[in-house]
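Just below is one structure, and these are the notes that go with it.
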Amino acid sequence: MNFPAMPNDHALAVLLLTGLALFLFTREKIPLESSSLFVLVVVAIGFEIFPFETETRVIHAHEFFYGFGHEALVAVCALMIVGQALVRTGALEPVARRLGRFWKWSPALALLLTLLIGGALSAFVNNTPIVVLMLPMLIGAAARSNVPTAGILLPMGFATLVGGMATTIGTSTNLLVVSVAADMGMERFGMFDFAGPALIGAVAAVLYLWLIAPRMIPERHPPLEDTSSRVFQAELVLDEDNPLVGQRVSDVVARAGEDFRIERILRNGLHIAPLPDVRVYAGDRLQVQDTVERLREYRALLGADLVTVGGKDMDDLPRGDAQLAEVVVTAGSPLDGALIRDIRFKERFGLDLLALHRSGTEVSFKNPGLENRRLRASDVLLVQGRARRIGLLKRGGELLVLDATSDLPHTRKAPLALLILILVVGLAASGIMPIAFSALLGCLLLLATGCLDWKDMTRALSAQVILIIVASLALGSALMKTGGADYLAQVFLFVSQGLSPPWVLSLLMLMMAVLTNIVSNNAAAVIGTPIAIGIAAELGMPLEPFVLAVLFGANLSFVTPMAYKTNLLVMNAGGYTFGDFVKVGTPLTIILWIVLSAVLGFAYGLWG
């Protein structure tokens with residue numbers, strides 16, 4: 001086989017743009033949304049200025065905007081909204097609570113159950129809310145069981161990625177591969193058509209993540225550990241009606257208990273030493289340092305208020321709706337390195353910042369109040385606000401919620417949200433309607449039943465995901481229409497000539513696995529699918545196994561923390577390093593590559 005001749009000018013230009021796009025997608029300093037928009041604009045304007053004529057028609061530039069109405073994008077967005085409903089209603093909270101109880105009995109069995117449940121849920125729900133839900137639960141359970149968190153969090157995150165490979169709706173990558181292949185004339189995969197190979201691979205992956213991976217990771221000290229004895233510096237304020245006004249400090253201490261210690265008193269901008277005979281007056285801010293539980297106790301015993309950074313009280317909160325929560329600043333968060341006064345915590349999150357804990361150091365009140373502190377990764381903040389606001393903070397990703405007076409509630413809408421999810425999956429799995437339509441129907445039902453409102457739906461959508469999908473679809477379409485995809489398929493076959501079909505398939509999956517750990521997995525999937533179909537056509541082999549090689553390969557996002565968004569979340573929460581992902585993720589990738597390649601080869605008779 002000779003090296004393929006150079007493609008036409010349009011195909012060559014699209015190939016160069018594809019290479020540039022893949023490079024831009026790896027640049028951390030360039031937002032993925034910006035890179036995607038750039039690619040989309042270049043494709044559209046390029047074909048508008050230089051039209052491409054086939055034997056039958058002219059390719060118009062507006063055709064590359066069809067990605068905004070593509071069935072795959074509609075399905076991805078609708079499923080993100082359905083997943084938001086499960087979190088918003090607290091439908092997944094009982095799963096986490098029951099799972100947490102197993103850690104008291106057998107940590108080893110609990111880890112296995114965590115891997116199985118996380119993977120099973122991720123087959124039907126976006127894994128991001130699952131990871132966000134499980135992180136605080138696992139860290140707390142590990143602390144109570146004296147089990148290192150390093151061997152728990154990373155395997156859990158990887159298990160959710162493995163579970164997402166089992167169904168057409170498990171990840172946006174799966175939906176894109178299935179939809180692009182269908183656009184090219186291949187019979188559409190059903191919901192569980194490739195669940196068999198995925199489950200065989202999952203068995204090998206879970207055994208590795210359960211028995212081997214936890215022993216490969218050295219001890220790490222995540223910023224979320226030590227949840228039981230965390231000490232906060234806070235301020236208590238006495239109002240005019242408080243019976244302690246005019247009393248001595250010794251009387252205040254006697255009322256609060258012998259463990260109560262006042263660091264100093266802030267009065268009209270001045271710091272006053274808390275000597276026993278000093279009297280306290282209305283408006284005095286008593287600066288104290290203790291655990292959350294004792295701060296709550298002191299607030300009740302003294303009839304005082306925990307105040308915000310600006311010194312405002314909590315009177316705007318309805319009685320019974322105020323909730324205390326501990327949240328952590330993670331590495332890479334927009335809050336990392338910011339001054340508290342510049343964050344405008346109340347305006348940004350709708351919560352009042354009460355206190356700060358900095359592990360390993362004593363934070364003194366040399367400055368008047370907390371507003372002059374500069375936050376850094378691992379700082380833990382004590383906040384107070386409405387339960388709904390804390391729930392939103394829990395899902396926002398900028399901070400991680402450790403605990404609260406009550407978790408995101410398991411509302412009366414939770415069973416309804418679960419029922420709607422089952423309906424969405426059932427309609428698609430039975431073939432009654434495509435997943436895009438059943439998911440849209442689910443969104444309408446969630447809205448009609450009050451499980452979500454329009455604001456919740458808007459928050460569920462990700463501009464980054466939408467733009468990378470649209471740009472990838474535009475690139476994939478341009479590659480197919482100009483013949484660029486066929487050219488790449490011929491180059492791949494030239495490089496792999498002499499290999500039997502199952503080895504070609506295995507090499508294709510490995511190429512996708514490498515690509516997905518460097519650039520966006522969605523981009524790898526959309527660009528790889530037409531290449532896989534071209535390779536299968538050239539070899540005279542069935543299309544399905546080669547398309548599945550792209551699907552599975554693009555899901556092997558284990559080797560780098562930037563390969564998938566939940567990897568970064570786990571990395572920040574667990575205190576992992578880049579090397580931890582390489583050390584644990586590389587063997588997992590190799591195991592799944594070997595197992596899935598072999599299973600696809602035997603299942604589709606490629607060895608014959």
Side-chain angles (χ1 to χ4, degrees), residues 66-92 95 119-130 160 163-196 198-199 413-454 456-462 465-466 469-470 473 522 525-526 529 544 547-548 551 555:
Y66 289 166
F68 284 105
H70 197 279
E71 179 185 1
L73 179 62
V74 173
V76 169
C77 292
L79 287 170
M80 282 194 291
I81 292 173
V82 173
Q84 174 85 340
L86 296 181
V87 178
R88 177 69 185 89
T89 61
L92 297 179
V95 176
L121 290 174
S122 296
F124 305 101
V125 183
N126 183 283
N127 72 328
T128 301
I130 296 172
T160 64
M165 294 193 293
T167 67
T168 57
I169 65 171
T171 65
S172 58
T173 303
N174 298 3
L175 281 167
L176 286 170
V177 171
V178 170
S179 296
V180 171
D183 290 343
M184 297 184 67
M186 197 184 91
E187 184 177 353
R188 182 178 292 273
F189 283 108
M191 176 80 71
F192 302 105
D193 279 357
F194 48 86
L199 288 176
K413 299 287 186 179
L416 191 56
L418 279 174
L419 183 62
I420 292 173
L421 173 65
I422 294 172
L423 176 66
V424 168
V425 174
L427 290 173
S430 62
I432 296 177
M433 62 178 65
I435 185 61
F437 298 105
S438 67
L440 276 178
L441 174 61
C443 292
L444 179 61
L445 293 175
L446 291 169
L447 186 65
T449 56
C451 293
L452 291 178
D453 57 28
W454 280 110
D456 294 320
M457 289 187 170
T458 303
R459 294 189 191 101
L461 300 178
S462 167
V465 172
I466 292 172
I469 288 176
V470 172
L473 287 170
N522 288 332
V526 173
T529 301
E544 288 82 358
V547 171
L548 288 178
L551 185 149
N555 275 293

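The first residue of the sequence shown is numbered 1, and numbering continues consecutively from there.
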### Task
Might you point out which heavy atoms bring V125 and G83 nearest each other, and give the distance in Å?
CG1-CA, 4.1 Å
### Query
From I469 CD1 over to S179 OG, what is the distance, rounded to the nearest 0.5 angstrom?
9.5 Å
### Message
Does any part of the side chain of I81, heavy atoms only, come nearer than 4.5 Å to the side chain of L461, both counted from C-beta?
### Response
yes
### Message
On a heavy-atom basis, which atom in D193 and which in R188 lie closest, and how many Å separate them?
### Response
OD2-O, 4.4 Å
### Message
Just verifying a value: how many Å separate F124 CZ and I422 CD1, rounded to the nearest 0.5 Å?
### Response
10.0 Å
### Message
Checking the side chain of N522 only, and the main-chain atoms of V465 only, is there a donor and an acceptor separated by less than 3.5 Å?
### Response
no
### Message
Please report the interatomic distance OG1(T160) to CD1(I130), rounded to the nearest 0.5 Å.
### Response
7.0 Å
#### Entry: Nearest atoms (heavy-atom pairs only) where V82 meets A439
CG2-O, 4.2 Å
### Task
Using atom types as modelled and distance alone, determine if a side-chain donor or acceptor of T167 lies under 3.5 Å from a backbone N or O of A123.
yes
### Query
Which heavy-atom pair separates N174 from T168 by the least distance, and what is that distance?
CB-O, 3.4 Å
### Query
How long is the gap from CG on L79 to CD1 on I169, to the nearest 0.5 Å?
5.5 Å
### Query
Taking K413 for the side chain and T449 for the main chain, is one N or O donor matched with an acceptor at less than 3.5 Å?
yes
#### Entry: For the student: nearest non-hydrogen atoms of L473 and G67, plus distance
CD1-CA, 3.9 Å
### Summary
The reported gap from CE in M165 to CG in L551 (rounded to nearest 0.5 angstrom) is 9.0 Å
### Task
State, to 0.1 Å, how close A72 and L176 come at their nearest heavy-atom pair, and which atoms those are.
CB-CD2, 3.8 Å
### Message
What's the separation between atom CG in L418 and atom CG in L423, rounded to the nearest 0.5 Å?
### Response
12.5 Å
### Query
Taking the side chain from S438 and the backbone from I435, do they hold a donor-acceptor pair closer than 3.5 Å?
yes
